[in-house]
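Presented below is the structure to which this report refers.
This structure is a prediction, so every number in the text was calculated from the model and none was measured. The chains referred to below are lettered A, B, ... by the order of the sequence lines, with proteins before strands, and numbering in each begins at 1.
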Amino acid sequence: MVLAAAAGVAVLVLPLVALLLATPWGDLPALVADPAVLQALRLSLGTATAATGVSLLVGVPLAWVLAHDDLRGVRLLRALVTVPLVLPPVVGGVALLLLLGRRGLLGGALHAWTGVSVPFTSVAVVLAQVFVSLPFLVLAVEGALRGADRRRALAAQTLGASPGYVLRRVTLPAVAPGVAAGAALCFTRALGEFGATVTFAGSFPGTTRTMPLAVYQAMDTAPDQAVAMSVLLLALSVTVLVALRGRWLGGLPGTGAGTGRRASR
Amino acid sequence: MVLAAAAGVAVLVLPLVALLLATPWGDLPALVADPAVLQALRLSLGTATAATGVSLLVGVPLAWVLAHDDLRGVRLLRALVTVPLVLPPVVGGVALLLLLGRRGLLGGALHAWTGVSVPFTSVAVVLAQVFVSLPFLVLAVEGALRGADRRRALAAQTLGASPGYVLRRVTLPAVAPGVAAGAALCFTRALGEFGATVTFAGSFPGTTRTMPLAVYQAMDTAPDQAVAMSVLLLALSVTVLVALRGRWLGGLPGTGAGTGRRASR
Amino acid sequence: GDDPSAGRVEGRLVVLAAASLTDVVTALAERAEAEHPGLRVETAFGSSATLAAQVVAGAPADVLLTASDDTMVTVTGALGGDPVVVATNHLQLAVPAGNPGGVESLTDLADPDLTVALCAPQVPCGAVAADVLARAGVVAAPDTLERDVRAVLTRLVLDEADAGLVYRTDVLAADGAVEGVDVPQAADVPTAHPALVVPGAPHPAAAAAFVTLLTGPEGRRAFAAAGFGPP
Amino acid sequence: MMLDVHARVQRGSLTLDVALRVPPGAVLAVMGPNGSGKSTLLEAVAGLVPLTAGHVRLGDDVLADAAAGHHRPPAQRRLGVALQDGALFGHLSARENVAFGPRAQGVRAAAARAAADALLADVGLAEHARTRADRLSGGQAQRVAVARAVAARPRALLLDEPFGALDAGTRHRVRGVVRRAVAAGVPALVVTHDLRDALELADELLVLEAGRAVQRGAPAEVAAAPATAYVRRVAAAG
Amino acid sequence: MMLDVHARVQRGSLTLDVALRVPPGAVLAVMGPNGSGKSTLLEAVAGLVPLTAGHVRLGDDVLADAAAGHHRPPAQRRLGVALQDGALFGHLSARENVAFGPRAQGVRAAAARAAADALLADVGLAEHARTRADRLSGGQAQRVAVARAVAARPRALLLDEPFGALDAGTRHRVRGVVRRAVAAGVPALVVTHDLRDALELADELLVLEAGRAVQRGAPAEVAAAPATAYVRRVAAAG
Ligand SMILES: Nc1ncnc2c1ncn2[C@@H]1O[C@H](COP(=O)(O)OP(=O)(O)OP(=O)(O)O)[C@@H](O)[C@H]1O
Ligand SMILES: Nc1ncnc2c1ncn2[C@@H]1O[C@H](COP(=O)(O)OP(=O)(O)OP(=O)(O)O)[C@@H](O)[C@H]1O
Ligand code: MOO
Ligand SMILES: [Mg+2]
Ligand SMILES: [Mg+2]
């Protein structure tokens, strides 16, 4: 039990230790204060936040639809929605190009009518991030919704609450840990997105070169800077995760010091 | 509500539609029957299955530890475990190299003593996949465990059940949808893993060139074959997901046609 | 090692090569297999810098081909070995078929209204492109800086970019999907493709034979047919 | 409004088939052995379980009619339901639980809250208004469930064993709350195992066994002339 | 073995402070108003809530001793506990619920199953052995909870309102099951709101109000000489 858990920790943490040991700590401040690094950092935070916001807006309702598999076709829909998980991100980028590129299914018409072109813009970065990270949010929230107690939802219905009201006031608050986990997953996945971004959005400082792209770019030529940026990304995510989980989970049942007694009543 | 859900579906599905429209359906059988494609497919299925197995073995106990945040240091541990989510996979590959490469923290000693070298082998592929996909499993399972009713776990303890027994016989079965979702996430993420694999394991046919790497390789040279392989991967994952969710969720409470009445008793 | 195939031209030969060499090396690998029954040649392509880093990290490769001397030096500096140049190359101004952006010369790359794709300056094709642009006195306004030359080519093939700088051989490999325009300054900055039998290669004899094939008449012919210059 | 029900429902191996009418302002008590279908009946009237045959009417309003394929969703029936297990919203306070129905139906926050506080005081929980529902004792939770059902100003009340976990004094008090809600002209259906509840509260008693009505009448009359062994035992215990 | 408890526990604004002793083979009934701390007391003895002061002893075996900082985990106390809300494992069958304790303690599957089936028959649920617990009616579920507590051959029984949802006949039957388990020399602590349970089953009655014992003695004696308004009301109702 605890041994297996320790093995899990080892697999995940030891490579990070190796990374930290390889970090040129003395030069770190200079490496990180580089304007190019700060620019990439700003871009990454902005786009990942936007992608998470969009994902929450469209993903929670989607998860709710998926959690009702008495509805027709839901199982296929779920599988479709899960596809971006398995699609190599590079292929996801190509698919986005085929859809929204200048010659794309929708992008062609868009370009012809409005002159607007999506690729090579920050919007393209956000779209690429949403494409790869939304499924994580959806699946996490759906899992939580399925685990949620249907009996309480029924009770709410007898009190005149519409399905949407039940979702907002009863089900979601009860599954808040799942939603928080999903949002954290989504944010971090968006923050780390590489393949789809580089393919669909390109790589240009300030508009599309997010941290992962900057790291990749530096990896073969300026490994010290790559390692420094990795460590920065790592510190950032640890901070975000600690803060986020702390806030979101703080006031929830069964997570505090209480015994969680009668949580089921 | 339903509108937002539809928007979510659109973001995820329309690019796939564009991809399907670009598929050279006539040549598909020939493209897919290529021995190199079949070799990559076999390797991908084998390594992703192994990675999922390893992740379940070490990830479920780990999730269980994390779900008890009355334990000391758990919050930091969770953040650490979540880090690979936010780390660009390429950086993950570098970290693995720094750990297990011939000059690595452990890899150096390993190579000196046993002559064994991990990078650029199928084992390296599995390790890379575990590194990036294990956190998904852990977080999904942890979310489900937190949502689980603590009251039933207490009741089991009064009956003399050890913590491990409670986990296996009460908590896990009750959160099976979460575990299934986590395993599906983990498998699909492993199947799609690219950056860490290409960095840590390289891209050698038969040993380390999984489907995503083969797709990537083909993208700039034989785009038709790349699209064909993507479609294959897509079909594969849809099948796996439909089958998996169907099986795992079939007999669970609140998911069938029943009203789920008294699910909380 | 104690692999019995070490002294003979057989076994599983692993060749890593720069993205720009994809087509020609694939063809020559098939030729080598035809010549030596019992030999299988496995190829992998990518950015020269990435491949070089993998070889230094101990990838079980027999032969490495890069797109610049600089990237090769990072390998020989760490592992030793004697690289030999097998071909040369130079850049062209490339546009999608039909030239939708109406691009005529290198100076158009400075037009902010056009979508321009270049290699990142850290990879060989990007370094050469920077040199060419500097010599021409053009301050380009790129919209994206790609990871390797084939990624730039893909942008043009898909018609997502109006113009870019790629190797002349890449334009030929694109088989009509891309049009190339010669740039006078590019001829002044040729690039070399060195090949290396990786020190400690699992199949040294086969590796040496493969490099001999590359530098021999058959190799010459294949490189020339693909548009490469002689070493 | 008259509550008029004919419910035929299949639940596992049990076939429930009961007809009943509760006039406005009257209380019908439902008793019966465990598993006889009391909760199933109540849930069918609430719309949580579909009818295979029969109907549910409230005055002229047809809530369900199996023959016509009509089934109004529970949320639109405007009934006050307390389920057997309470099913409180554990993450909300007692007050928020009671105010939930009015809020869901559009009543403004301040008004819903005032109504909830008044009802909580009625059931003796004034000082627990702000306690989270999952921190209440068994009897406290049961009272919140009853108050929550009454708060929504329902057109009919459906209470499934609403007094089982209450101490004797509180039981008396909560029966009073139900009686006052009914006095406004609301029909009520109350499931109980205790003949004293029926005697004190109900105008009529319906005894259910294996899904069928085996006896009905004024509670005292039923107790005086038991038709089955089960009723005899209930009368003896009461 | 004698069950010897002094429990001091803080629960929200309630301070529970009670001492009690239950000899082997005896039943102590605990009554009291809602929120007086009955469930808290039982959960403290079971080890689900930590003591701030006091101890729990079973014969010579010290299960908890606040002064010594000693707190044995619930899983190692070998008690039979039925919580107020049942807390059945909804995903398991009735039989698997009852067999759970023996299985957890290493009894072989066949033996555990046979014991479970015998107990289910005792509480009148033979034909529901294979029904999933979340498909049981309220009273059926309550009986499974009692059977589950008894099945583990506990050294003491702790039952929190184990009869509240049972019909009169079944109530009698399940009291018999409890009586037989106690007869083997096991001390039992039974929380109830119904004086008849105490009169029929208990050797001693403890009345709790606001966390303190306000009266104790033989059930009939307590009923005959009520010390508080609450007890008076209970005596009148019973
Ligand atoms: N969700 C369900 N699925 C299948 N069968 C069920 C379900 N819920 C209840 N039943 C079965 O239906 C029958 C009637 O149950 P019901 O809950 O209506 O009984 P009840 O009269 O309310 O009993 P109690 O007095 O124990 O509350 C029981 O045999 C029960 O096992
Ligand atoms: N998890 C908890 N956290 C904080 N307070 C609690 C918790 N559980 C119960 N309480 C409070 O402790 C007090 C005693 O509760 P307890 O459940 O012991 O009462 P009881 O005597 O069993 O009542 P009942 O007859 O209603 O079951 C109540 O006021 C209750 O609100
Ligand atoms: O293949 Mo390169 O390294 O882009 O010139
Ligand atoms: Mg019932
Ligand atoms: Mg209690």
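Here the closest non-hydrogen pair linking A:L12 and B:P84 is CD2-CG, 3.8 Å. Of all non-hydrogen atoms in B:L96 and A:P15, the two that sit nearest each other are CD2-CG, 3.6 Å. Taking all atoms of both residues into account, the shortest heavy-atom contact from B:G192 to A:P89 is O-CD, 4.0 Å. Considering all non-hydrogen atoms of both residues, B:V91 and A:S230 come closest at CG1-OG, 3.0 Å. Heavy-atom minimum distance, A:A4 versus B:P61: CB-CG, 3.7 Å. The shortest non-hydrogen separation linking A:L14 to B:L106 is CD1-CD1, 4.2 Å.
Looking only at heavy-atom pairs under 4.5 Å with chain B, the residue among A:L134, A:L97, A:V215, A:V13 that has the most is A:L134.
Looking at B:V94, only its side chain comes within 4.5 Å of chain A, counting heavy atoms on both sides. For B:L105, the part lying under 4.5 angstrom from a heavy atom of chain A is the side chain only.
Partner of A:L98 under the side chain to side chain contact (heavy atoms under 4.5 Å, CB included) criterion, chosen from B:L19, B:L20, B:L21: B:L19.
Residues B:F131 and A:L16 meet the side-chain proximity criterion, which asks for heavy atoms closer than 4.5 Å. Between B:V58 and A:V11 there is no side-chain heavy-atom pair separated by less than 4.5 Å.
In this structure, the ring-ring contact (aromatic ring centres under 6.0 Å, His included) partners of A:F136, at least two apart in sequence or on a different chain, are B:F136.
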